Amino acid sequence: MPIEFKLPEHVENQTNLSKMLAVQVMRKISRHYDEHEHERPWEYINVIWPFMQQIEAADLKRSMRRNGGNGSKPKEGKKRPSTANVRLLHMIEALSWGDAGIYLDTPSSALAGAAINAVGTPEQKERFLKRFTEGEPKWGAMAITEPQAGSDTSAIQATATLDPETNEWVLNGEKIFVTSGSLAGKESPGIIVVWATLDRSLGRAGMRSFVVEAGTPGMTITKQEEKLGIRASDTVSIVFEDCRIPYDNILGSAELVKPDEKKTKGFKGAMKTFDASRPMVAASAVGIARAAFEFTRDKLAEQGITIPEYAPHHQLSAIQCDLIQMEMELKAAWLLTIRSAALMDAKQPNSIEASMCKVKAGKAVTAITQKCVELLGPLGYSREFLVEKWMRDAKINDIFEGTGQINTLIVARRILGYSRRELK
Amino acid sequence: MYSFNKTDEQRMLTDTVNRFATRTMRKVYREAEEGGAIPAEIIDTGWELGLLPASLPEDYGGFGEYSVLNGALYAEELGYGDFAIALEMLRPNQVAIPILLCGTEQQKEQYLPLFCDEEMPKVSAAFLEPTILFDPADLATTAAEEGDNYLLNGKKVMVIDGDEAELLLVYAREESSGQTQAYLVPTDAPGVIIGERDKWMGFHALKTYTVEFENVAVPKHNKLGGEQGIDLHKILNSSRIALASLAVGVARGAYEYALDYAKEREAFGEPIAHRQSIAFMLADMAIEVDAARLMTWEAAWKIDETGAGAHDAFLAHRYAADMALAVTDSAVQILGGHGYVREHPVELWLRNGRGIAVLLGAALV
């Protein structure tokens, strides 16, 4: 493929659908769910669920095929290059333009699905992911963060021990900031992927992820967070107390290797899901940024302030310069994001690009939404408009799935060829 | 589709120019800068690459197809080599591309074969003016109709190799319409006064001149595009992409140099790149170079594909100009005192990087 910036037609059609949903459903309920933090946006959930089932079914089929499992064989003949990730990012961008908090309530296997698709066996995929293709809306969640382990995932304290008598894993520990945790673990027959250590002395090498199904005894939702933004999104703490799960719920191999053998495979498998999830966060960030930018641009246009197609710098007002700056940042962030997804679709490595777009988009959306509040004056600050909400929603994108700093560190290590010992 | 891979031909193009940049331009740029001249053999070698003929159709003696995106690709490599030599290499583009984009059939047939010769043609453009509030759409240089001629009056700067040029493409405000038009002016026409060599903050190796026009009579058929005239914004699009690409090249050079330096330079017993304060600067530089390149490619692709893309090109140029300044400045900062002395190239790249924002029209692809 040559250098090209063309949105394929089938992606455009699907994106238009997301845009319609954003305007006709999400925007109308946006303020309500911002002000009613722990209610669920069923208007949105029920409408999007049938589409999500289709997407889940296609993902599952594709993933099964990779296993050489019982998924149908790829069609002979012409193979169209995959656009799955580019398509997904366009959808996320459009839905986040509608409402980023409500978008996070999208019923799907989400990060749990990404983890299982990345390293799961065909049997695991069938057992954990098939449910997302049928029946009532369900959610998947990923539980990594702990009170004492945020960005430093190697500090995870939750343990998984094997009970040889029953051949079950026994989970103990506390997880916090689990997105859609209550939806996945309590309110629907969903799944939660939990990170825990088999052997703390091995650090990262001892880390594994486990699938816990909703309603498993020993798993309790202990707290629903109250947040700055994305209030429609379900964020909870979960306590595991002798929570027993079948042996086969471990993702990847249970075999441990010493860290000096440089085969921290389980951990790396988990990190791989970040290559997929970071562009998703970046796309959501861009969606919020575009919402704020377009709204501000249009409101200012009503006052006679417009962006020229081109003009010498001295002919631009300060507000025009601000608008142009926002437009440039938005474009830069989006193109970096699309690049990381296109690489994934082309089955090329994208770790550095995923972190790059996450850094850029997190910064851009924060700055853009903050600037929009300012540019719209007292009304920008008012809760009559959604701009102040978008500014609050925006901030999370520079925090979750690795803060801006952590992702900058990842980019820095990559370009310098440094290990985490050389560049702390 | 979204795709970010060069075709085999594009890869060959960038590899070739990259070789010229690293093996030839990078060998001489400092001496050229200090001595105020680019060695003639460097210019000859660069011209032999045939970048411009490869952008011109066969009908006019070329062997290729015009593509702004390809222009962006080779301009980045030239910028990576050296900004001054890059501007010299792109000098013929300043005349050929407006003729290709806006010329009448007769003008294309008459002039374009000039650009496919073995010798680099002695042509240049006169666009920028010595003013603070420069506006391409409202030039101070004027063209007034008088009989069968236009009379040109005004003062231009940044005329590359103006002392040797035989033919100039002069931009002026057409008095009857108020629009910017372009005129092909032989330098031996009465009233063309080649003035002093310009003094700029950067690219000292490049000879540019102030040129004055005093009632210079230009036959009407020398107005580019004939009666219809030019589409100024097509020309400016091409310049915005060229400058943005050069900016990406300059910045990439500065980023790589700073990266290597930071890994070697030790302080407090270890390389300074082991510190986040340095490493994070480098990470941001890497991200910004990539972002500016993607914006430039997208705008160039859009221009090639749809003819639109003026706003994208405007944004790309603006973004890349800011980026080049920030990245070259960071490079100087990372080298510290060593970045400030002329023994290292980064101070030169900072001076050159600053120019990107204000040199609209000085390079075209």
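Computed from a predicted model, the values in this text were never measured in an experiment. Chain A is the first sequence line, chain B the second, and so forth, proteins listed ahead of strands; every chain is numbered from 1.
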- Task: Side-chain contact test, heavy atoms from C-beta onward, threshold under 4.5 Å: evaluate it for B:His317 versus A:Tyr310 and give yes or no.
- Result: no

- Item | Aromatic plane relationship, A:Phe5 with B:Trp301 - under 30° parallel, 30 to 60° tilted, over 60° perpendicular | tilted

- Judged by atom type as modelled, is there a donor-acceptor pair below 3.5 Å linking the side chain of A:Lys331 to the main-chain atoms of B:Met295? no

- So which part of B:Leu69 gets closer than 4.5 Å to some heavy atom of chain A, the side chain, the backbone, both or neither? side chain

- Query: Above 12 or not: heavy atoms from other molecules or residues under 6.0 Å from CD of B:Glu266?
  - Reply: yes

- Message: More than 12 heavy atoms of other residues, nucleotides or ligands under 6.0 Å from CD of B:Gln333: yes or no?
- Response: no

- Could you state the interatomic distance from CD1 (B:Ile278) to CG (A:Leu423), rounded to the nearest 0.5 Å? 11.0 Å

- Query: Quick one: of B:Glu288, B:Glu9, B:His233, who has the most non-hydrogen atom pairs under 4.5 Å with chain A?
  - Reply: B:His233

- Which region of B:Arg318, side chain (C-beta onward) or backbone (N, CA, C, O), has a non-hydrogen atom less than 4.5 Å from a non-hydrogen atom of chain A, or is it both or neither? both

- Going by residue number, which parts of residues 248-260 of chain B are within reach of chain A, meaning a heavy-atom gap below 4.5 Å? B:Tyr255, B:Leu259

- Is the closest basic N to carboxylate O distance between A:Arg339 and B:Asp290 below 4.0 Å? yes

- Task: Decide yes or no for B:His274 and A:Lys424: does some side-chain heavy atom of the first lie under 4.5 Å from some side-chain heavy atom of the second?
- Result: no

- Item | Atom group of A:Thr337 that falls short of 4.5 Å from chain B, counting heavy atoms | neither

- Message: Taking atom NZ as the centre, does B:Lys155 end up with more than 12 heavy-atom neighbours from other residues, nucleotides or ligands that are less than 6.0 angstrom away?
- Response: no

- Query: For A:His313, does the NE2 atom have more than 12 heavy-atom neighbours from other residues, nucleotides or ligands under 6.0 Å away?
  - Reply: no

- Indicate the atoms forming the closest heavy-atom contact of A:Ala412 with B:Ala279, along with that distance. CB-O, 3.6 Å

- Any chance you could measure B:Met323, atom CE, to A:Met328, atom CE, to the nearest 0.5 Å? 11.5 Å

- Pick whichever of A:Leu336, A:Asn407, A:Ile352 has the most heavy-atom pairs under 4.5 Å with chain B. A:Leu336

- Query: Taking atom types as modelled, is there a side-chain donor on B:His311 or A:Glu327 under 3.5 Å from an acceptor on the other?
  - Reply: yes

- Task: Indicate yes or no: at least one non-hydrogen side-chain atom of A:Gln405 is less than 4.5 angstrom from one of B:Gln276.
- Result: no

- Quick one: what part of A:Leu409 sits under 4.5 Å from any heavy atom of chain B, side chain, backbone, both or neither? both

- Message: If the contact rule is any heavy atom under 4.5 Å from chain B, which residues of residues 315-326 of chain A qualify, in numerical order?
- Response: A:Gln315, A:Leu316, A:Cys321, A:Ile324, A:Gln325

- Walk me through it: do A:Trp334 and B:Glu298 pass the test side chain to side chain contact (heavy atoms under 4.5 Å, CB included)? CA-CA 12 Å; A:Trp334 182 231; B:Glu298 191 203 26; over 6 Å; no

- The interface call for A:Glu9 against chain B, heavy-atom contacts under 4.5 Å, is neither

- Partner of B:Leu282 by side-chain contact (heavy atoms from CB on, under 4.5 Å), out of A:Thr408, A:Val411, A:Ile415: A:Ile415

- Item | CZ (A:Arg297) with more than 12 external heavy atoms under 6.0 Å | yes

- Item | Segment of B:Leu73 engaging chain A (4.5 angstrom heavy-atom cut-off) | side chain

- Please test B:Asp284 against A:Lys363 for side chain to side chain contact (heavy atoms under 4.5 Å, CB included), starting from the C-alpha separation and ending with a verdict. CA-CA 11 Å; B:Asp284 280 331; A:Lys363 261 190 218 171; 3.1 Å; yes

Would you list the atom pairs, donor with acceptor, under 3.5 Å between side chains in residues 125-134 of chain B and any protein atom, with sequence neighbours excluded?
residue	atom	partner	partner atom	Å
B:Glu129	OE1	B:Ala140	N	2.8
B:Glu129	OE2	B:Ala140	N	3.3
B:Glu129	OE2	B:Thr141	N	3.0
B:Glu129	OE2	B:Thr141	OG1	2.7
B:Glu129	OE2	B:Lys156	NZ	3.1
B:Thr131	OG1	B:Leu133	N	3.2

- Contacts with chain A made by residues 10-17 of chain B (heavy-atom distance under 4.5 Å), listed by residue number: B:Gln10

- Item | A:Ala311 versus chain B, the contacting section by heavy-atom distance below 4.5 Å | backbone

- Enter the distance from B:Tyr2:OH to A:Lys6:NZ here, rounded to the nearest 0.5 Å. 11.5 Å

- Given side chains that start at C-beta, do those of A:Ile338 and B:Phe4 come closer than 4.5 Å, heavy atoms only? yes

- Message: Between A:Glu353, A:Arg414, A:Arg413, A:Met356, who has the most heavy-atom pairs with chain B when the cutoff is under 4.5 Å?
- Response: A:Met356

- Query: What heavy-atom pair brings A:Pro2 and B:Ser3 nearest, and what distance separates the two atoms?
  - Reply: O-OG, 2.9 Å

- Query: Within a radius of less than 6.0 Å around CG of B:Asp8, do more than 12 heavy atoms belonging to other residues, nucleotides or ligands occur?
  - Reply: no

- Query: Below 4.5 Å, heavy atoms only, C-beta onward: do A:Gln348 and B:Asn5 meet side chain to side chain?
  - Reply: yes

